[in-house]
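Here's the structure we're looking at; comments come further down.
Quick note on labels: first sequence line is chain A, next is B, and so on, each numbered from 1. Since this is a predicted model, take the numbers as computed values, not measurements.
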2 protein chains.
Amino acid sequence: MEGRMAYLDRNPGIDIAQRTAVFGTAVADEVPSLAAFGAKTSHFKPHEVVYYEGDPADRIFELAKGSVMLFKLLPDGRRQVVEVLRPGDIFGIPAGKEQNCTAETLTDAKVNVVDMNHIAGSPDFQRQITRCLAAQMQVLHEHAVLLGRKSAMERVASFLMHLVPDRGGTECAGPSETGGDTRQLKLFMTRQEIADYLGLTIETVSRVISEMKRRGLITVERNDEIRLNKVCAMCQLTGKH
Amino acid sequence: MEGRMAYLDRNPGIDIAQRTAVFGTAVADEVPSLAAFGAKTSHFKPHEVVYYEGDPADRIFELAKGSVMLFKLLPDGRRQVVEVLRPGDIFGIPAGKEQNCTAETLTDAKVNVVDMNHIAGSPDFQRQITRCLAAQMQVLHEHAVLLGRKSAMERVASFLMHLVPDRGGTECAGPSETGGDTRQLKLFMTRQEIADYLGLTIETVSRVISEMKRRGLITVERNDEIRLNKVCAMCQLTGKH
DNA sequence: CGATCGGTTGAGTTCCCTCAAGTTAGGTGG
DNA sequence: CCACCTAACTTGAGGGAACTCAACCGATCG
């Protein structure tokens, strides 16, 4: 009814599970750490499901390499991507007995998995989890502002700036840089996934990107590869300045 | 520009701080627990600020009694309430060195405060934090779906249903109840605060509430006191069924 | 070379926002 | 006790940003 074009319509025949999980924020490219706690490592191809919403939540996952998204579905098929994870992020920690999101890979991914009880006793690990959850929380706060208060243009600009390390943050490095105020980005997400992350439709995302092209802010090298021609100008569009 | 009517326009002369924190989910009415770790207890009146975005984040807060909201502001004054806390919730745990939200009371409130280092060593407490953060995370996921994918009517219905314990959840108690499918709710929030929580304008919230009145779903006893006449029907409007 | 998949573009509509003018409920003081 | 004031909320009219539906485009692949 009030819904945007539904995920379930696009993907007929999907059986939905239900309820309980988590997500993150991080930096590096390959990170070991749960390994120390006797984790098993699993490998995934792009667009494979790590777990479904409603699966029993008795293990802790750590993204070691690649990219994973967490999303929730409404019964009529509307989808919201609630977090996009990067290497180092911990996920799958439940509040109840079941996962509350579905976790699906965006790229090839390496995931460390440990049984919950296995590490419940380690203070070191508890501290690490706390740190990680707090960081993820902060990202979720930021995202709530985006979803609740930003225009389509601001959402897409914010999304792109999040992919630029060391820019747009508290102490932005500024456009210094040898070679001008420009950056090459790899998206790892389809327009549909971006739309479901930003609370928009695929058409709106496409239109905004076209508008940015028209203004000379970006060059679309490939569908999943964008060159920011004016990083600072893009940053101005995020609504944070 | 693309912004909704701005918080700063409504509250001229407010000086904004900036950056880093957290929030929650809970149950009881008065909860001690940090007390065991030598916490100091502070009392607050309604609409007092516990800390500002940008304040140094070196303490942990636990809401013992009352209600607190966390919000973020954009520079042009748009506000997003990112979490509404209940007794038992822990907040103020930073990802960086600064709070990333402003914390403001909604009601009279009692808050336990402990120095960060004071409890860093306790595994018991670490575990409790993890549990609490995971629960808050789940609420944030849910809220992202609301902000990204739900209509105004669905948002308000979801908001009201969140105030009804034991209903609308995974295993809803159903309309059994002695005395019919009805419930009295106290809001503790103004229309403006509700709007800023749900990513709407005050006018839209007001219109939706009026529409619910017209349909006989609710009776507005006072501005901050609403009677749900048909809890199940309200639940149907949340988009989760 | 047609088929398919992901993305773009256009036309029309709708939901919610903006602006502006009421209305109501409390509180205060004459 | 009533007139007045203010703050919070409601209601209306109009407009615009983003949605829906539908057609089209371009790249990749068997």
Side-chain angles (χ1 to χ4, degrees), chain A residues 1-7 9-12 46-47 74 76-80 106 146-157 187-214 218-226 237 239, chain B residues 1-7 9-12 46-47 76-80 106 146-157 187-196 198-214 218-226 237 239:
Chain A
M1 43 184 57
E2 295 92 344
R4 294 67 180 153
M5 207 300 198
Y7 177 78
D9 296 341
R10 305 186 308 261
N11 304 49
H47 296 102
L74 291 173
D76 64 0
R78 281 174 284 177
R79 181 172 74 158
Q80 180 65 43
L106 293 169
L146 181 148
L147 293 173
R149 291 299 179 211
K150 289 189 180 179
S151 71
M153 179 69 72
E154 290 172 327
R155 293 183 200 203
V156 174
L187 299 188
F188 298 120
M189 294 170 87
T190 65
R191 295 287 183 274
Q192 185 63 61
E193 285 156 356
I194 295 171
D196 285 347
Y197 183 45
L198 301 182
L200 300 170
T201 59
I202 186 173
E203 293 96 332
T204 298
V205 170
S206 187
R207 273 185 252 273
V208 169
I209 289 179
S210 294
E211 175 61 22
M212 287 175 169
K213 253 192 292 189
R214 227 168 288 128
I218 61 173
T219 308
V220 178
E221 317 266 348
R222 294 173 15 150
N223 275 338
D224 63 345
E225 221 171 292
I226 286 182
L237 290 177
Chain B
M1 46 182 51
E2 295 93 343
R4 294 69 180 148
M5 209 302 198
Y7 177 78
D9 296 342
R10 306 186 309 260
N11 303 50
H47 296 104
D76 63 0
R78 282 174 284 177
R79 179 172 76 156
Q80 179 65 43
L106 292 170
L146 181 147
L147 293 174
R149 291 299 180 212
K150 289 189 180 179
S151 70
M153 179 69 71
E154 290 173 329
R155 293 182 199 202
V156 175
L187 299 187
F188 299 120
M189 293 170 87
T190 65
R191 297 285 183 275
Q192 185 62 62
E193 285 156 356
I194 295 171
D196 286 346
L198 301 182
L200 300 169
T201 59
I202 187 174
E203 294 96 332
T204 298
V205 170
S206 186
R207 273 185 252 274
V208 169
I209 288 178
S210 295
E211 174 62 22
M212 287 175 169
K213 253 191 292 189
R214 227 166 290 129
I218 62 174
T219 308
V220 178
E221 316 268 348
R222 293 172 17 143
N223 275 338
D224 64 344
E225 222 170 290
I226 286 182
L237 289 178

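- D:dG16 atom P lies 17 Å from atom CE of A:M153, rounded to whole Å.
- Put simply, CG on B:L200 is 16 Å from C1' on D:dT10, counting in whole angstrom units.
- The interatomic distance linking B:M212 (CE) with D:dC9 (C1') rounds to 17 Å, in whole Å.
- Spacing between atom CG of A:L198 and atom P of D:dA18 amounts to 12 Å, rounded to whole angstrom units.
- Contact annotation: the side chain of A:L198 never approaches that of A:K150 to less than 4.5 Å [non-hydrogen atoms, C-beta and beyond].
- B:R155 places its CZ atom 7 Å from the P atom of C:dC16, with the value rounded to the nearest Å.
- Between A:A152 and A:V208, the shortest heavy-atom distance links the atoms CB-CG2, 4.0 Å.
- A search for salt bridge (Lys or Arg N to Asp or Glu O under 4.0 Å) contacts involving B:R214 returns B:E211, not counting sequence neighbours.
- Closest non-hydrogen pair, A:I209 versus A:I218, comes out as O-CD1, 3.6 Å.
- A heavy-atom distance below 4.5 Å is not found between the side chains of B:L187 and B:E193.
- The shortest distance between side-chain heavy atoms of A:R78 and A:D196 does not fall below 4.5 Å.
- Atom CZ of A:R149 and atom C1' of D:dA17 are 15 Å apart (whole Å).
- Rounded to a whole Å, the CD atom of B:E154 is 14 Å from the P atom of D:dC19.
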When you check every protein heavy atom under 4.0 Å of nucleotides 7-12 of chain C, what one-letter string (B, S, -) results, 5' to 3'?
-> SBBBB-

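- Between the NZ atom of B:K150 and the P atom of D:dC19 there is a distance of 17 Å, rounded to whole Å.
- OP1 or OP2 of D:dC19 sits under 4.0 Å from a side-chain N or O of A:T201.
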